[in-house]
2 protein chains.
Amino acid sequence: MKLTAVDISKMASASTIVFQELRNAIIKGDLAVGEPLRQDEIAKLFNVSRIPVREALSRLEEQGLVRTQRYRGAVVSGLSAEEAAEIFDFRMLVEPEIVRRAVPMMSADILGKARGHCQAFSESRDPMAWAELNRDFHSELYNASELKFHLEVVNNTMNRIERYLRAQLVLSDGMERANVEHFAILEACEAGDAEEAAALTAAHIEGVKRSFLEHLSLLQS
Amino acid sequence: MKLTAVDISKMASASTIVFQELRNAIIKGDLAVGEPLRQDEIAKLFNVSRIPVREALSRLEEQGLVRTQRYRGAVVSGLSAEEAAEIFDFRMLVEPEIVRRAVPMMSADILGKARGHCQAFSESRDPMAWAELNRDFHSELYNASELKFHLEVVNNTMNRIERYLRAQLVLSDGMERANVEHFAILEACEAGDAEEAAALTAAHIEGVKRSFLEHLSLLQS
DNA sequence: ATATTGCTTATCGGATCCAATATGCCAAAC
DNA sequence: GTTTGGCATATTGGATCCGATAAGCAATAT
């Protein structure tokens with residue numbers, strides 16, 4: 001038999017599709033913080049009943065991306081400055097460790113792909129694509145670690161903060177700095193220097209954090 | 001006005017109650033790994049329709065506590081030895097840091113409560129209560145950090161592995177060792193020695209990890 | 001005996017319907 | 001003018017119902 005078989009049992013259900021679309025919209029910032037998510041409205045958008053929408057909203061709440069009040073519906077949840085700062089601290093704790101353990105496992109293929117993402121990031125002129133490429137680059141490196149649980153946690157963490165990173169990449173020289181730091185991290189990886197790569201990753205996140213908090217205090221003054 | 005007001009809008013919905021009960025049953029190990037969770041059956045148990053049950057199952061899947069296949073239902077998900085080992089590594093990374101930042105914020109009240117949990121743990125003769133008291137003790141210390149995000153992540157992490165810890169506390173001298181180590185951690189906290197408390201916490205988790213893996217290899221041989 | 005086919009039942013995903021609560025508005029009472 | 005009570009509407013949470021798929025079993029053909 002020569003058939004390109006697709007596993008239909010793994011096809012996404014309606015609720016899964018709604019979930020993923022809503023999640024992406026929240027992550028990208030297309031849905032503003034505090035914006036109410038009406039079940040009816042979403043159901044009509046996707047041409048489904050409210051049942052799969054409600055399951056999607058339950059899952060989003062479990063991920064901390066929306067907040068729900070009984071009989072009052074769900075709203076997109078955001079982060080206070082303190083919460084964002086804490087999330088940066090968390091990333092500074094976990095991501096360097098992932099890199100440390102990933103470096104010895106990086107094949108030439110992975111390093112090549114990472115360099116590709118890095119290049120694309122540096123050359124892109126589309127601010128909206130930056131966050132995407134930034135995440136591709138980091139994911140490429142992190143995935144080499146094959147630490148499924150760590151990666152899952154970091155992904156959920158990124159989902160919560162990426163909106164703010166986008167805003168910040170555009171508003172500052174963050175883009176150029178990120179670019180330089182990415183290449184530095186990449187070179188440490190290519191050199192097989194796990195400790196250096198981890199240290200650079202920590203410094204990178206710390207820089208983003210500081211820049212983020214500065215911009216925030218500017219906005220609030 | 002002197003009324004002990006309860007916020008009725010925060011009362012749990014049916015789906016939330018089902019979710020919490022299922023989650024607790026999975027965490028405690030009352031529901032075996034691989035056991036299928038039939039919507040009808042659960043709905044009848046709680047005297048509700050399948051709708052809130054399905055929302056509960058969605059949420060459990062989002063937490064990694066069940067696995068769902070389309071049209072085939074949900075089963076309790078477990079951990080391979082590798083996955084469990086990775087989770088211990090993750091805990092060794094995060095929990096010491098939480099302790100480090102919690103120590104300066106521990107009031108006499110908190111330390112008192114922690115000592116209470118620690119005592120209760122050491123005196124309890126009920127193996128099923130150990131895991132509970134163990135978690136109370138650690139939570140008491142961790143909560144002092146007021147790192148909401150870190151705490152959320154650690155809680156979800158514990159939810160995935162607690163079943164295995166229970167089994168292990170009973171089967172070994174783990175109970176006694178944990179007890180000694182708890183008091184050591186507590187003393188470092190009382191002394192305000194954050195670094196020592198963090199180091200002891202890391203050692204504690206590492207000990208549990210090693211003991212866990214040894215028992216596992218025994219079982220498998 | 002074994003493999004294939006068709007049927008029956010169990011179970012799931014989703015749609016539709018109903019009850020409970022929230023929200024906004026307007027009139028009436030003070 | 002402010003507050004109170006009584007609607008009408010919007011929205012949610014849950015129950016019931018329906019179509020689709022999975023899984024087991026019997027009947028048939030080879």
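We name chains A, B, ... by the order of the sequence lines, and we start the count at 1 in each one. Computed from heavy atoms alone, side chains included, the values below leave out hydrogens, waters and symmetry copies.
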Sort and list the pairs that fulfil salt bridge (Lys or Arg N to Asp or Glu O under 4.0 Å) and have at least one residue in residues 92-105 of chain A, not counting sequence neighbours.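 Checked against salt bridge (Lys or Arg N to Asp or Glu O under 4.0 Å) - neighbours excluded - the pairs reaching residues 92-105 of chain A are A:Arg91-A:Glu95, A:Glu97-A:Arg100, A:Arg100-A:Glu195, A:Arg101-B:Asp89.
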Any pair with a residue in residues 110-121 of chain B that passes salt bridge (Lys or Arg N to Asp or Glu O under 4.0 Å), sequence neighbours left out, goes on the list, sorted by first then second residue, please.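 Non-adjacent pairs meeting salt bridge (Lys or Arg N to Asp or Glu O under 4.0 Å): B:Asp109-B:Lys113, B:Arg115-B:Glu190.
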Report the distance from atom [atom1] of [X] to atom [atom2] of [N], rounded to the nearest whole Å.
| X | N | atom1 | atom2 | answer |
| --- | --- | --- | --- | --- |
| A:Glu55 | D:dG13 | CD | C1' | 13 Å |
| B:Phe46 | D:dG13 | CZ | P | 19 Å |
| B:Arg70 | D:dA20 | CZ | P | 12 Å |

If you fit an axis to the five pairs at each end of the helix from C:dA1-D:dT30 to C:dC30-D:dG1, how big is the angle between those two axes, to 10 degrees?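 For the helix from C:dA1-D:dT30 to C:dC30-D:dG1, the axes at opposite ends meet at about 10°.
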How would you label the contact of A:Ser15 with the nucleic acid (heavy atoms, under 4.0 Å): base, sugar-phosphate, or nothing?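 The residue A:Ser15 makes sugar-phosphate contact but no base contact.
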With sequence neighbours left out, what residues match B:Phe88 under ring pair (Phe, Tyr, Trp, His ring centres under 6.0 Å)?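 Here the qualifying residues are B:Phe212.
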For B:Phe149, enumerate each residue passing the ring pair (Phe, Tyr, Trp, His ring centres under 6.0 Å) test, keeping only those at least two apart in sequence or located in another chain.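 Only A:Phe90 meet the ring pair (Phe, Tyr, Trp, His ring centres under 6.0 Å) criterion with B:Phe149.
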In Å and rounded to the nearest 0.5 Å, what is the [atom1] to [atom2] distance from [X] to [Y]?
| X | Y | atom1 | atom2 | result |
| --- | --- | --- | --- | --- |
| B:His138 | B:Asn143 | NE2 | CG | 12.5 Å |
| A:Arg163 | A:Ile27 | CZ | CD1 | 8.5 Å |
| B:Ile161 | B:Leu79 | CD1 | CG | 6.0 Å |

Within residues 34-42 of chain B, residues whose heavy atoms come under 4.0 Å of DNA chain D: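 By residue number: none to list.
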Write out all pairs satisfying ring pair (Phe, Tyr, Trp, His ring centres under 6.0 Å) with one or both partners inside residues 17-51 of chain B, taking only residues at least two apart or from two chains.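 Listed by first then second residue: nothing to list.
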Scan for ring pair (Phe, Tyr, Trp, His ring centres under 6.0 Å) pairs involving residues 20-41 of chain B, sequence neighbours excluded, and state none if there are none.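 Sorted result for residues 20-41 of chain B: empty, none.
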Between A:His182 and A:Asn134, is there a side-chain heavy-atom distance shorter than 4.5 Å?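 When only atoms from C-beta onward are counted, A:His182 and A:Asn134 do touch, with a gap below 4.5 Å.
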First-last contacting nucleotides on DNA chain C - partner chain B, under 4.0 angstrom, heavy atom: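 Range of nucleotides touched by chain B: C:dT11 to C:dA15.
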Once side-chain hydrogen bond (donor to acceptor under 3.5 Å, both in side chains) is applied, what residue pairs with a partner in residues 33-42 of chain A remain, sequence neighbours excluded?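 Sorted pair list: A:Gln39-A:Arg50.
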Please list all pairs meeting side-chain hydrogen bond (donor to acceptor under 3.5 Å, both in side chains) that have one or both residues in residues 62-71 of chain B, counting only residues at least two apart or in different chains.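 Counting only pairs at least two positions apart or across chains, the side-chain hydrogen bond (donor to acceptor under 3.5 Å, both in side chains) contacts touching residues 62-71 of chain B are A:Arg59-B:Glu62, A:Glu62-B:Gln63, A:Gln63-B:Glu62, B:Glu61-B:Thr68.
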For nucleotides 15-19 of chain D, list the nitrogen or oxygen atoms of the protein found under 3.5 Å from its nitrogen or oxygen atoms, one pair per line.
from: D:dA15; atom 1: OP2; to: B:Ser49; atom 2: N; distance (Å): 2.6
from: D:dA15; atom 1: OP2; to: B:Ser49; atom 2: OG; distance (Å): 2.6

Donor on one side chain, acceptor on other, B:His117 and B:Glu140, under 3.5 Å: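 Note: B:His117 and B:Glu140 side chains meet the donor-acceptor criterion.
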